[in-house]
> 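My questions all concern the structure below.
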Protein chains: 2
Amino acid sequence: MVEESSKSPDVLSSIMDAAIKNFAEKGYEGARVDEIARDANVNKATIYYHIGGKEALYKAVLSRVLTSGADMIVENVGKASTPEEKVAAYVDTILNGVLAGREDFTRIMMREMAGGGADIPHDVLDNMMRKILGTAVGLVSVGVEQGKLAPASPILIHMMIVGGIAFMRATEGLRAKHQGATMELDPRIVNEMKSGLSDQITKILLHGLTLREERKMNPTGESSGVGKQQKP
Amino acid sequence: MVEESSKSPDVLSSIMDAAIKNFAEKGYEGARVDEIARDANVNKATIYYHIGGKEALYKAVLSRVLTSGADMIVENVGKASTPEEKVAAYVDTILNGVLAGREDFTRIMMREMAGGGADIPHDVLDNMMRKILGTAVGLVSVGVEQGKLAPASPILIHMMIVGGIAFMRATEGLRAKHQGATMELDPRIVNEMKSGLSDQITKILLHGLTLREERKMNPTGESSGVGKQQKP
DNA sequence: TAAGTTATACTGACTGGTTAGTTGGGTCAC
DNA sequence: GTGACCCAACTAACCAGTCAGTATAACTTA
């Protein structure tokens with residue numbers, strides 16, 4: 001009689017959420033449709049009614065995961081003016097925009113890459129490649145032309161960013177348990193590690209590790225005057 | 001008793017090889033014991049006789065994958081003298097020593113990280129953490145103390161190397177098909193991309209992307225006319 | 001507007017193919 | 001013969017996908 005919930009609040013998104021969680025934790029083969037249904041508080045057949053099947057569900061999840069970030073990167077990098085700022089924007093957008101609070105996305109992406117990306121729908125892949133890698137290519141190209149960036153493979157840059165972030169994220173739990181390797185660290189390093197991951201990556205990418213000559217590092221950290229070097 | 005494998009040519013290693021291949025391609029859940037047995041030209045029960053089961057087989061594979069490289073890194077980095085050479089040795093060992101011709105290892109590692117590394121046996125993980133990360137920590141620490149390297153998180157450095165390599169490797173097939181994003185690249189970038197991945201990564205890590213004033217980058221080798229720029 | 005019809009959203013119970021693991025027996029070197 | 005090594009065939013469980021059925025909203029028509 002009285003409707004506790006006339007229409008379901010949003011069956012589809014609860015299915016998607018549960019699917020993302022399960023696929024992220026256990027991978028495509030490891031995830032169970034029954035469990036996804038249970039997590040979504042939905043009858044299994046409902047999933048088949050709405051989406052079609054396990055594979056269709058996974059493809060839907062993949063599209064959502066992979067599509068969501070591309071435009072954000074294009075936009076934010078576009079806003080930045082100098083090549084250096086563009087690199088920073090690139091890193092920052094991936095870390096704090098695309099992947100912020102979405103460990104699940106990272107995990108699914110890692111698994112998908114491990115599998116060679118065979119399951120990624122072609123149009124999604126195409127779109128992603130064009131936008132994200134295109135942005136990276138443009139960024140480096142302009143920087144090189146302007147004499148501001150050293151020539152480097154934009155794809156490699158992209159992969160070092162994404163790969164670095166993904167591996168850092170994925171191993172967070174692991175490292176928390178096994179922090180035996182922390183050993184005695186130089187206080188300057190400890191300090192540096194306190195700044196945000198985005199800043200750290202940007203700094204490494206822009207300035208590298210080599211210190212030239214006698215230039216003292218700003219010991220208080222923060223991304224201030226780190227990359228200032230004189231002649232070799 | 002006598003030797004390890006007295007009888008068959010080498011049943012155990014053919015099982016392991018087949019297992020590595022299958023786990024790499026399909027993950028733990030996706031791999032089929034029957035198929036591993038078939039690939040190894042062995043009856044399925046033989047696997048159970050020698051190893052015990054699917055999970056034990058996977059653990060064995062994991063140990064082999066993860067253990068194999070640690071000592072190599074420690075040794076090669078130890079041989080190098082300056083911090084810069086150590087960084088180069090670190091990158092080069094991971095790429096050309098640990099992972100050379102072993103895409104399977106990379107894939108298994110990626111999946112395992114995506115899953116949070118829950119399956120990695122504790123002693124293996126401990127050993128790996130101590131050796132590999134310990135080496136990275138030592139490397140950066142010494143470099144910083146000597147005033148030759150900028151302070152940076154050794155873990156992040158490690159993850160950018162491994163993550164970058166893993167993602168580059170994993171997406172090779174993918175990128176070959178979708179090379180639409182290659183666009184018009186500056187010839188200097190194209191040239192840079194011709195040098196080995198190990199050199200490229202080392203260069204980025206050591207020198208970064210930023211070009212300072214009128215200074216040549218001192219390219220590691222071939223990539224000659226790289227650093228010639230005017231001011232903007 | 002009441003009765004009849006169709007469309008949409010969902011469910012509980014079932015099924016059949018797949019797959020990890022077992023069993024009991026066979027071979028061969030010593 | 002005896003024990004390490006290997007096999008073909010079997011089994012029990014699991015799990016993706018199906019189906020017949022319920023409920024209700026949404027039209028249709030007389």
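Below, chain A is the first sequence line, B the second, and so on; all start at residue 1. Note that the structure is predicted; figures quoted are calculated from it, not measured.
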> For residues B/Glu112 and B/Tyr28, determine if any side-chain heavy atom of one lies less than 4.5 Å from a side-chain heavy atom of the other.
no
> Between B/Ile47 (CD1) and D/dC5 (P), how many Å, whole number?
16 Å
> Students often get this wrong, so: under 4.0 angstrom with heavy atoms, is A/Ala37 touching a base, only sugar-phosphate, or nothing?
nothing
> Please report, rounded to the nearest Å, how far the C1' atom of C/dC10 is from the CG atom of A/Asp10.
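Atom-to-atom, A/Asp10 to C/dC10, this comes out as 15 Å.
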> Which of these nucleotides, C/dT23, D/dC19, C/dG21, is closest to any side-chain atom of B/Lys44?
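So the nucleotide nearest the side chain must be C/dG21.
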> Does D/dC5 have its OP1 or OP2 closer than 4.0 Å to a side-chain nitrogen or oxygen of B/Thr46?
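So the side chain of B/Thr46 is outside the cut-off, no N or O lying under 4.0 Å from OP1 or OP2 of D/dC5.
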> For C/dA20, take OP1 and OP2 only and decide whether either is under 4.0 Å from a side-chain N or O of B/Arg32.
yes
> Is there a side-chain contact between B/Met110 and A/Phe167 in this structure, where contact means two heavy atoms from C-beta onward sitting under 4.5 Å apart?
yes
> Are B/Asp126 and B/Arg130 close enough that some pair of their side-chain heavy atoms sits under 4.5 Å apart?
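In short, these two side chains touch, coming nearer than 4.5 Å.
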> What's the closest nucleotide to the B/Asp34 side chain, out of C/dT19, C/dC10, C/dT22?
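Looking only at heavy atoms from C-beta outward on B/Asp34, the closest nucleotide is C/dT19.
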> Between C1' on D/dC5 and CD1 on B/Ile51, what's the gap in Å once rounded to a whole number?
14 Å
> Test for a donor-acceptor pair under 3.5 Å between the base of D/dG17 and the side chain of A/Lys54, counting only N and O atoms.
no
> Are A/Ser198 and A/Asp92 close enough that a side-chain donor and a side-chain acceptor fall under 3.5 Å?
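The answer is yes; a qualifying pair exists.
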> Whole-Å distance between D/dC15 C1' and A/Leu57 CG?
15 Å
> For A/Tyr49 and C/dC10, is the shortest distance between a side-chain N/O and OP1 or OP2 below 4.0 Å?
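A/Tyr49 to C/dC10 OP1/OP2: no side-chain N or O under 4.0 Å.
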> Taking OH from B/Tyr58 and P from C/dG21, how many angstroms apart are they, rounded to a whole number?
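After rounding, the reported distance stands at 15 Å.
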> Scan B/Ala56 against the nucleic acid and name what it touches under 4.0 Å (heavy atoms): base, sugar-phosphate only, or nothing.
nothing
> What I want to check is whether the side chains of A/Asp39 and A/Asn22 have a donor and an acceptor closer together than 3.5 Å.
yes
> How long is the line joining CD1 of B/Ile36 and C1' of C/dG21, in whole Å?
14 Å
> A/Glu29 CD to C/dT19 P: how many Å, rounded?
9 Å
> Has A/His50 got a side-chain N or O lying under 4.0 Å from the OP1 or OP2 atom of C/dC10?
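So the side-chain polar atoms of A/His50 do come within 4.0 Å of the phosphate oxygens OP1 or OP2 of C/dC10, strictly under.
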> Look at the side chain of B/Tyr48 and decide which nucleotide, out of D/dC7, D/dT18, C/dA20, has an atom nearest to it.
C/dA20
> Would you kindly give the CD1-to-C1' distance between B/Ile15 and D/dC6, to the nearest whole Å?
10 Å
> Please tell me if B/Asn43 has a side-chain N or O lying less than 4.0 Å from either OP1 or OP2 of D/dA8.
yes
